[in-house]
Amino acid sequence: MEREKSTLAAASAAAISMVLGNYDLLAEIFLRLRLPTHLVRAAAVCRRWLQAASDPAFLRRFRDAHPPRLLGFYLTTFSTDQRFRAEFVPMLPQPPELAAVVCRGGFGLDSYVCRSTRVMDSRGCRVVVNLFRDGDFTYGVHSPLHRARGFVTFPRLPAMVDKKIYIFREILSRECGHGRLSYFWFELDYSREEEKVTARVYKLKDDAWSMQTSAGTQISRFLSSTLNVLSTFLVDDKIYMAITGYNILVLDLTSSTFSTIKYPERMAEGFDGEIMLARTDGSGVCLVHVDVNKIHFTFGFTAVVMAVRGTGCWSILFLCVNCALI
């Protein structure tokens with residue numbers, strides 16, 4: 001009996017060693033770990049596991065299978081003393097590992113002495129912030145998970161031209177591999193007489209802004225647009241803008257040309273309420289439309305989240321109808 005147990009134990013150990021010693025099988029096991037922290041713990045077991053967990057091809061698969069978790073979002077409010085304030089709101093509940101990250105991180109922006117604080121862009125736990133202090137605007141990057149970096153300011157931005165109506169003057173970011181980001185200064189001005197918009201895009205390179213592209217196009221119904229929220233963001237090589245009542249305006253940085261995406265048919269007659277554009281996990285565009293109505297002393301709202309990809313067809317991702325707000 002003891003000999004049989006010993007034989008079974010040896011066979012079991014050999015089978016386990018065969019599996020855990022095989023890089024391909026080990027990678028498939030690691031791929032099923034839920035969080036990067038679990039992968040780090042596995043990599044600390046031995047050199048073989050470290051080599052398997054740090055393989056660049058495996059890390060790309062792991063990132064695709066486990067996209068970055070949303071830790072929270074910044075909510076901008078306007079106070080009674082006429083100051084803009086950006087407050088971080090954590091997403092709840094979170095796994096214990098991520099909850100600890102939120103607690104240790106420096107996501108709050110109240111430590112910066114300024115009259116106004118606005119979040120312009122956020123990607124890879126690097127937050128582009130616009131501070132208004134001493135009568136001027138300061139633009140920089142706040143890193144919640146790396147407090148020692150402090151507030152890293154951008155080089156002086158291209159000057160504004162008088163007599164121009166600026167719709168956007170924003171700093172946008174884009175991933176460029178290995179956790180690095182590229183930063184772009186995007187400005188869009190509008191000519192009321194010509195009903196034309198002109199875009200200029202500068203790229204940050206070697207601590208200076210250099211012109212990357214510029215383009216212009218005719219635009220209608222800008223001033224009569226019913227959109228209460230103007231939004232702009234960068235996905236791949238395209239900048240998406242919600243500035244008209246009919247279409248989303250798209251600037252292609254590669255070809256320096258404009259194109260449009262029609263809003264969903266259900267919204268063709270105009271917007272009631274608030275909308276906001278956002279980027280999806282891939283290369284698509286997400287549109288959030290919230291319509292609030294007051295009925296019998298209660299507030300009800302309809303929330304619609306839709307996405308459009310390369311086909312140009314909108315699809316509903318989320319719909320919440322006639323929810324009561326007390």
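Throughout, numbering of the chain's residues begins at 1 and tracks the sequence.
- Residues Thr217 and Lys196 are not in side-chain contact: their nearest non-hydrogen atoms beyond the backbone lie 4.5 Å or more apart.
- Cluster annotation: Val45 and Val40 are assigned to distinct hydrophobic clusters (Ile/Leu/Val/Met/Phe/Trp/Tyr, side-chain heavy-atom contacts under 4.5 Å, transitive).
- A 6.0 Å sphere centred on CG of Asp64 holds more than 12 heavy atoms belonging to other residues, nucleotides or ligands.
- A salt bridge is absent between Asp236 and Arg174: the closest approach of a Lys/Arg side-chain nitrogen to an acidic carboxylate oxygen does not fall below 4.0 angstrom.
- Residue pairs meeting the side chain to side chain donor-acceptor pair (under 3.5 Å) criterion with at least one partner in residues 26-38, sequence neighbours excluded, are Glu28-Arg32, Glu28-Arg61, His38-Glu97.
- With hydrophobic clusters built from ILVMFWY side chains whose heavy atoms lie under 4.5 angstrom apart, Leu31 shares a cluster with Leu33.
- The side-chain hydrogen bond (donor to acceptor under 3.5 Å, both in side chains) check on Ser256 picks up Thr213, with sequence neighbours excluded.
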* Asked: Could you go step by step and tell me if Leu157 and Tyr139 meet the side chain to side chain contact (heavy atoms under 4.5 Å, CB included) rule?
  -> CA-CA 9 Å; Leu157 298 166; Tyr139 301 85; 3.1 Å; yes
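- Side chains of Phe184 and Leu204 form no contact here, defined as non-hydrogen atoms less than 4.5 Å apart.
- Between Tyr74 and Phe88, the ring center distance clears the sub-6.0 Å criterion.
- A salt bridge is absent between Glu175 and Arg126: the closest approach of a Lys/Arg side-chain nitrogen to an acidic carboxylate oxygen does not fall below 4.0 angstrom.
- With hydrophobic clusters built from ILVMFWY side chains whose heavy atoms lie under 4.5 angstrom apart, Tyr190 shares a cluster with Phe168.
- Applying the side chain to side chain contact (heavy atoms under 4.5 Å, CB included) test between Glu170 and each of Thr232, Val128, Ile239 identifies Thr232 as the sole match.
- Residues Leu59 and Leu39 have side chains in contact (heavy-atom distance under 4.5 Å, counting atoms from C-beta outward).
- Taken to the nearest 0.5 Å, the CG atom of Asp24 stands 11.5 Å off from the CD1 atom of Ile29.
- A distance of 6.0 Å separates CE in Met241 from CG in Leu188, rounded to the nearest 0.5 Å.
- Here the OH atom belonging to Tyr183 is positioned 9.5 Å from the SG atom belonging to Cys176, to the nearest 0.5 angstrom.
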* For Leu181 and Val141, what are the C-alpha separation, side-chain angles and deciding distance, and is it a side chain to side chain contact (heavy atoms under 4.5 Å, CB included)? -> CA-CA 11 Å; Leu181 296 181; Val141 177; over 6 Å; no
* Between Val197 and Asp189, does a side chain to side chain contact (heavy atoms under 4.5 Å, CB included) hold up when you go through it step by step? -> CA-CA 6 Å; Val197 292; Asp189 64 71; over 6 Å; no
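- With rounding to the nearest 0.5 Å, the separation of CG in Leu92 from CG in Leu98 is 11.5 Å.
- Under the salt bridge (Lys or Arg N to Asp or Glu O under 4.0 Å) criterion, Asp110 pairs with Arg85, sequence neighbours left out.
- In this structure, Phe186 and Tyr202 have side chains that are not in contact, with every pair of non-hydrogen atoms separated by 4.5 Å or more.
- Under a hydrophobic-cluster definition in which Ile, Leu, Val, Met, Phe, Trp and Tyr are linked whenever side-chain heavy atoms come within less than 4.5 Å, directly or via other members, Leu145 and Val129 are assigned to the same cluster.
- Between Phe258 and Ile219 there is no side-chain heavy-atom pair separated by less than 4.5 Å.
- Between Phe107 and His142, the distance separating the two ring centers is not shorter than 6.0 angstrom.
- For the pair Val250/Thr260, no side-chain contact is recorded, criterion being any heavy-atom separation below 4.5 Å from C-beta on.
- Applying the salt bridge (Lys or Arg N to Asp or Glu O under 4.0 Å) test to every pair with at least one member in residues 128-146, sequence neighbours left out, gives no pairs at all.
- When the side-chain hydrogen bond (donor to acceptor under 3.5 Å, both in side chains) test is applied to Glu187, the partners found at least two apart in sequence or on another chain are Arg169, Trp185, Arg200.
- Taking the six-membered ring where the residue is Trp, the centroids of Tyr112 and Phe151 are separated by under 6.0 Å.
- Here Leu172 contributes atom CG and Ser182 contributes atom OG; the two are 12.0 Å apart, rounded to the nearest 0.5 Å.
- Summarising the geometry of Arg69 relative to Pro95, their closest heavy-atom pair is NH1-CG, 3.7 Å, with the distance given to 0.1 Å.
- A distance-only check finds no donor-acceptor pair linking the side chain of Arg149 to the backbone of Ser143 [under 3.5 Å].
- Here the side chains of Val119 and Phe73 are not in contact, with every heavy-atom distance at 4.5 Å or above.
- Counting heavy-atom neighbours within 6.0 Å of Met91 CE, excluding the residue itself, gives a total of 12 or less.
- With sequence neighbours excluded, no residue satisfies salt bridge (Lys or Arg N to Asp or Glu O under 4.0 Å) with Asp252.
- Using a 4.5 Å cut-off between side-chain heavy atoms of Ile, Leu, Val, Met, Phe, Trp and Tyr, with links allowed through other members, Leu35 and Val101 fall into the same hydrophobic cluster.
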* To do: List the steps and the verdict of side chain to side chain contact (heavy atoms under 4.5 Å, CB included) for Phe30 and Trp49.
  => CA-CA 9 Å; Phe30 287 171; Trp49 287 24; 3.8 Å; yes
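- Side-chain contact between Ser173 and Leu234 is absent, with no heavy atoms from C-beta onward closer than 4.5 Å.
- Here the NZ-CD1 distance, from Lys238 to Ile248, works out to 12.0 Å after rounding to the nearest 0.5 Å.
- Under a 3.5 Å cut-off, the side chain of Gln51 and the backbone N or O of Cys46 do not form any donor-acceptor pair.
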